[in-house]
Amino acid sequence: MADVPSPPRPTSPLTPSERLTTALAEADRTFGPRTGSIGPVDACTHCFDAEHLRIIGGPVDDIPDWLFSRALSKWGTTMDPDVRLWRRLTPRILREMTAGALHIDESLMARKFNEAGWRDWPPREMAVLEDVCHAWWQAALAGMSHVSAVTVLGFVVPFTRDVQIWLDHWDTCQDRAAALQLRDLWQSWMSDLLDGRLDVSFSGEGPDIAAPVSAWMLRQPPQQLDLGDFNAQERYGLHLLALTETQRNADSGSSEEAAATVRP
């Protein structure tokens, strides 16, 4: 089969949204057309009937949404963990997940990619996966993604088992869109960070990212908090984050109402 030609190089820098679209298109080319059949899939016959297994093994884009989601959820449990099948489904997984249309927990998808050994896949496929992650992250920080930065971290952190690379990129984004995402992260993770443990993986397989995320939050400049519309209670939470537990208990710098809001 002849290679699918690559699109012409853009003459101007891509927007984050355009970069994500380009990365997803490259995933389609890299993983192949997937229009044929690999035969029926091996799975529990109580969960899938024979016709469903035939459809899952057929052209990927012909799989109904409900059956596609069910296949992803059951892969590696009551469906055989066939890496060939998972690689075959990957471009559609990426396309629907980045569009917020997959309706499966992103951290579960990261775990399944790790179970499929994505780091041992052909180099071109690995590179495409990493490029989609970075493009999706850039789009989220720019407010051009269908999901929040916190949601994207729920995939990319357990997928790469690293949080620092994503925080480092965030530091290069000092606009209002990134600042609003910062506030959303703090609202979502404040209680966990104050408790000293944060694991965004699906079932606690790690890594614990509380320490690096806390240190990063405490380095945020005041102007970024202003840009993100941090209110007094959220700023008080950051004040508490900088203290030891003993200091927090003794702290009298805020009203009991603010403290109760931060630590329900």
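It should be emphasised that the depicted structure is a prediction, and the values quoted were computed from it without experimental measurement. Positions are given from 1 along the sequence.
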So, [X] and [Y], do they make that salt bridge, N to O below 4.0 Å?
X: Lys112; Y: Asp105; value: no
X: Asp82; Y: Arg88; value: no
X: Asp61; Y: Arg34; value: no
X: Arg119; Y: Glu130; value: no

Are [X] and [Y] connected in the hydrophobic side-chain network, where two residues link if heavy atoms are under 4.5 Å apart?
X: Val60; Y: Val83; value: yes
X: Leu180; Y: Met190; value: no
X: Met144; Y: Val152; value: no

Classify the ring geometry between [X] and [Y] as parallel (under 30°), tilted (30 to 60°) or perpendicular (over 60°).
X: Phe155; Y: Trp136; answer: tilted
X: Trp166; Y: His134; answer: tilted
X: Phe113; Y: Phe159; answer: perpendicular

Side-chain donor/acceptor of [X] to backbone N/O of [Y], under 3.5 Å:
X: Thr77; Y: Lys74; answer: yes
X: Arg235; Y: Phe230; answer: yes
X: Arg176; Y: Leu227; answer: yes
X: Thr90; Y: Trp86; answer: yes
X: Thr172; Y: His169; answer: yes
X: Arg92; Y: Ile63; answer: yes
X: Trp186; Y: Met217; answer: no
X: Arg70; Y: Cys47; answer: yes
X: Asp195; Y: Arg197; answer: no
X: Ser201; Y: Gly206; answer: yes

I need the [X] [atom1] to [Y] [atom2] distance, nearest 0.5 Å.
X: Arg87; Y: Phe31; atom1: CZ; atom2: CZ; value: 7.0 Å
X: Leu238; Y: Leu243; atom1: CG; atom2: CG; value: 11.0 Å
X: Leu89; Y: Leu72; atom1: CG; atom2: CG; value: 6.0 Å
X: Arg124; Y: Thr30; atom1: CZ; atom2: OG1; value: 4.5 Å
X: Leu193; Y: Leu241; atom1: CG; atom2: CG; value: 6.0 Å
X: Met109; Y: Met97; atom1: CE; atom2: CE; value: 6.5 Å

Kindly give the heavy-atom pair with the smallest separation between [X] and [Y], and that separation in Å.
X: Leu141; Y: Cys173; value: CD1-SG, 4.0 Å
X: Thr22; Y: Arg29; value: O-NH2, 4.4 Å
X: Asp171; Y: Gln220; value: OD1-NE2, 3.9 Å
X: Asp192; Y: Leu198; value: CB-CD1, 3.8 Å
X: Ala43; Y: Leu53; value: CB-CD2, 3.6 Å
X: Pro158; Y: Asn114; value: O-ND2, 2.9 Å

Heavy-atom check, side chain of [X] versus side chain of [Y], under 4.5 Å:
X: Ser73; Y: Ile104; answer: yes
X: Ile56; Y: Leu85; answer: yes
X: Ser203; Y: Arg111; answer: yes
X: His52; Y: Val41; answer: no
X: Glu51; Y: Arg54; answer: yes
X: Trp189; Y: Ile209; answer: yes
X: Ile55; Y: Asp62; answer: no
X: Ser107; Y: Val200; answer: no

Open item on the list: Could you check whether Thr160 and Asp162, counting side-chain N and O atoms only, form a donor-acceptor pair closer than 3.5 Å?
Closed with: no
Task: Worked check of side chain to side chain contact (heavy atoms under 4.5 Å, CB included) between Asp65 and Glu96 - done: CA-CA 10 Å; Asp65 289 342; Glu96 295 191 6; 4.0 Å; yes
Open item on the list: If you apply the rule salt bridge (charged side-chain N to carboxylate O under 4.0 Å, His left out), what do you find for Glu245 with Arg248, and how did you get there?
Closed with: CA-CA 5 Å; Glu245 186 172 357; Arg248 290 175 198 167; over 6 Å; no
TODO: With side chain to side chain contact (heavy atoms under 4.5 Å, CB included) as the test, would you mind laying out the steps for Leu182 and Leu225 before giving the verdict?
DONE: CA-CA 8 Å; Leu182 178 68; Leu225 306 184; 4.3 Å; yes
Task: Pair Val156-Glu106, side chain to side chain contact (heavy atoms under 4.5 Å, CB included): steps then yes or no - done: CA-CA 9 Å; Val156 298; Glu106 289 78 12; over 6 Å; no
